[in-house]
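None of the values given here were measured: they were computed from a predicted structure. Note on naming: letters A, B, ... go to the chains in the order of the sequence lines (proteins, then strands), and numbering restarts at 1 for each one.
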There are 2 protein chains.
Amino acid sequence: MTERDAWSEQLRRGGLELAILLTLAPGRRYGLEIIRHLEAFTDLIVTEGTVYPILSRLTRDGLLAAEWVAGEGPHPRKYYRLTAAGRTRLAEMTDHWNTFTAKIARLIRAAEPRP
Amino acid sequence: MTERDAWSEQLRRGGLELAILLTLAPGRRYGLEIIRHLEAFTDLIVTEGTVYPILSRLTRDGLLAAEWVAGEGPHPRKYYRLTAAGRTRLAEMTDHWNTFTAKIARLIRAAEPRP
DNA sequence: GCCTCATACTTGGTGTCACGATGTATAAGA
DNA sequence: TCTTATACATCGTGACACCAAGTATGAGGC
């Protein structure tokens with residue numbers, strides 16, 4: 001299904017992981033907070049079923065550290081923050097992102113009708 | 001395996017289809033030619049096993065048209081060109097790409113240490 | 001005429017991953 | 001007590017790039 005926007009889903013696949021790490025760069029945040037921030041700040045709609053698996057994977061890989069905090073809200077929250085490894089990795093990924101988008105941008109310019 | 005660069009592969013997934021369509025925007029090209037052009041023009045390394053399935057899918061979806069041409073090289077070549085639908089779709093995708101990268105760029109700026 | 005070698009396209013199997021749906025738990029408010 | 005909002009977790013699914021191996025064609029050497 002969803003033949004139309006199958007591609008945009010593909011596109012997100014690469015970007016979402018980076019987007020989540022970037023969201024955590026300024027400081028710790030919990031799951032739903034990340035979702036709301038992404039939507040408010042970039043119009044990127046992501047659901048829980050998408051974000052939680054990514055957060056789990058990033059934590060398992062040592063890029064994030066998780067910490068339960070109770071008493072702040074109606075429900076205990078699991079806060080995530082970047083580890084040192086996560087920060088290093090984020091820098092690498094940002095770098096990679098920039099060079100990759102530059103390549104695509106170059107193709108886009110080459111594809112435009114001659115000016 | 002390849003835990004390290006698993007992400008960069010993910011990133012390519014979204015961009016490759018766009019990159020291939022962009023490569024075909026100026027005119028028709030055949031499979032290996034697309035691979036060589038991407039490598040020469042953008043340093044993007046893609047193998048046959050990656051490109052041909054994408055070309056098949058895009059053709060099946062009506063975005064590309066294929067045509068066998070013999071006598072040009074040592075082997076008959078299958079040339080691909082954008083259809084009208086493909087051109088429309090390419091414009092949509094380019095648009096989508098631009099807005100998406102703008103969102104990530106915004107996150108990157110927000111993640112930088114305050115200047 | 002045979003044998004490499006480069007060209008060119010094809011295909012099957014594999015692993016990864018976002019996404020939707022569903023479920024569980026907690027506590028405030030009516 | 002019953003609803004509602006918050007918050008996190010997970011299973012199943014389908015899509016898809018990638019690797020590897022395979023097929024076909026003709027040119028050049030000897």
Hey, what's the ring geometry for A/W97 with B/W97, parallel, tilted or perpendicular (30° and 60° as the breaks)? parallel
Scan [X] against the nucleic acid and name what it touches under 4.0 Å (heavy atoms): base, sugar-phosphate only, or nothing.
{"X": "B/G31", "value": "sugar-phosphate"}
{"X": "A/T50", "value": "base"}
{"X": "B/E48", "value": "base"}
{"X": "A/R13", "value": "base"}

Is it true that the NZ or CZ of A/R29 lies under 6.0 Å from the centre of A/Y79's six-membered ring and within 45 degrees of the ring axis? no
Identify whether NZ of Lys or CZ of Arg in B/R106 sits under 6.0 Å from the centre of the six-membered ring of A/F41 and within 45° of that ring's axis. yes
When you measure from the side-chain N and O atoms of [X] to the phosphate of [N], is any distance below 4.0 Å, counting only OP1 and OP2?
{"X": "B/R12", "N": "D/dC16", "value": "no"}
{"X": "A/R36", "N": "D/dA5", "value": "no"}
{"X": "A/R57", "N": "C/dT16", "value": "no"}
{"X": "A/Y52", "N": "D/dA9", "value": "no"}
{"X": "A/R29", "N": "D/dA7", "value": "no"}
{"X": "A/Y30", "N": "D/dC8", "value": "no"}

Nearest whole Å is fine: how far is [N] [atom2] from [X] [atom1]?
{"X": "A/I45", "N": "C/dG20", "atom1": "CD1", "atom2": "P", "result": "11 Å"}
{"X": "A/R77", "N": "D/dA7", "atom1": "CZ", "atom2": "P", "result": "4 Å"}
{"X": "B/L18", "N": "D/dA17", "atom1": "CG", "atom2": "P", "result": "13 Å"}
{"X": "A/L44", "N": "C/dC19", "atom1": "CG", "atom2": "C1'", "result": "14 Å"}
{"X": "B/L55", "N": "D/dC16", "atom1": "CG", "atom2": "P", "result": "14 Å"}
{"X": "B/I35", "N": "D/dA17", "atom1": "CD1", "atom2": "P", "result": "13 Å"}
{"X": "A/L58", "N": "C/dC17", "atom1": "CG", "atom2": "P", "result": "10 Å"}
{"X": "B/K78", "N": "D/dT23", "atom1": "NZ", "atom2": "P", "result": "18 Å"}

Quick one: which of [options] gets closest to the side chain of [X]?
{"X": "B/I54", "options": "D/dT6, D/dA17, C/dA18", "result": "D/dA17"}
{"X": "A/Q10", "options": "D/dC16, C/dC19, C/dC9", "result": "D/dC16"}
{"X": "B/W68", "options": "C/dT10, C/dC17, C/dA8", "result": "C/dT10"}

Does a side-chain N-to-carboxylate-O contact under 4.0 Å join B/E33 and B/R77? no
Would you call B/R81 and B/E67 a salt bridge, using N to O less than 4.0 angstrom? no
N/O donor-acceptor pair under 3.5 Å between A/R87 side chain and A/L82 backbone: no
Assign each of A/G49 and A/P76 to its nearest nucleotide of DNA chain D by heavy atoms, then name whichever residue's nucleotide is nearer the 5' end. A/P76
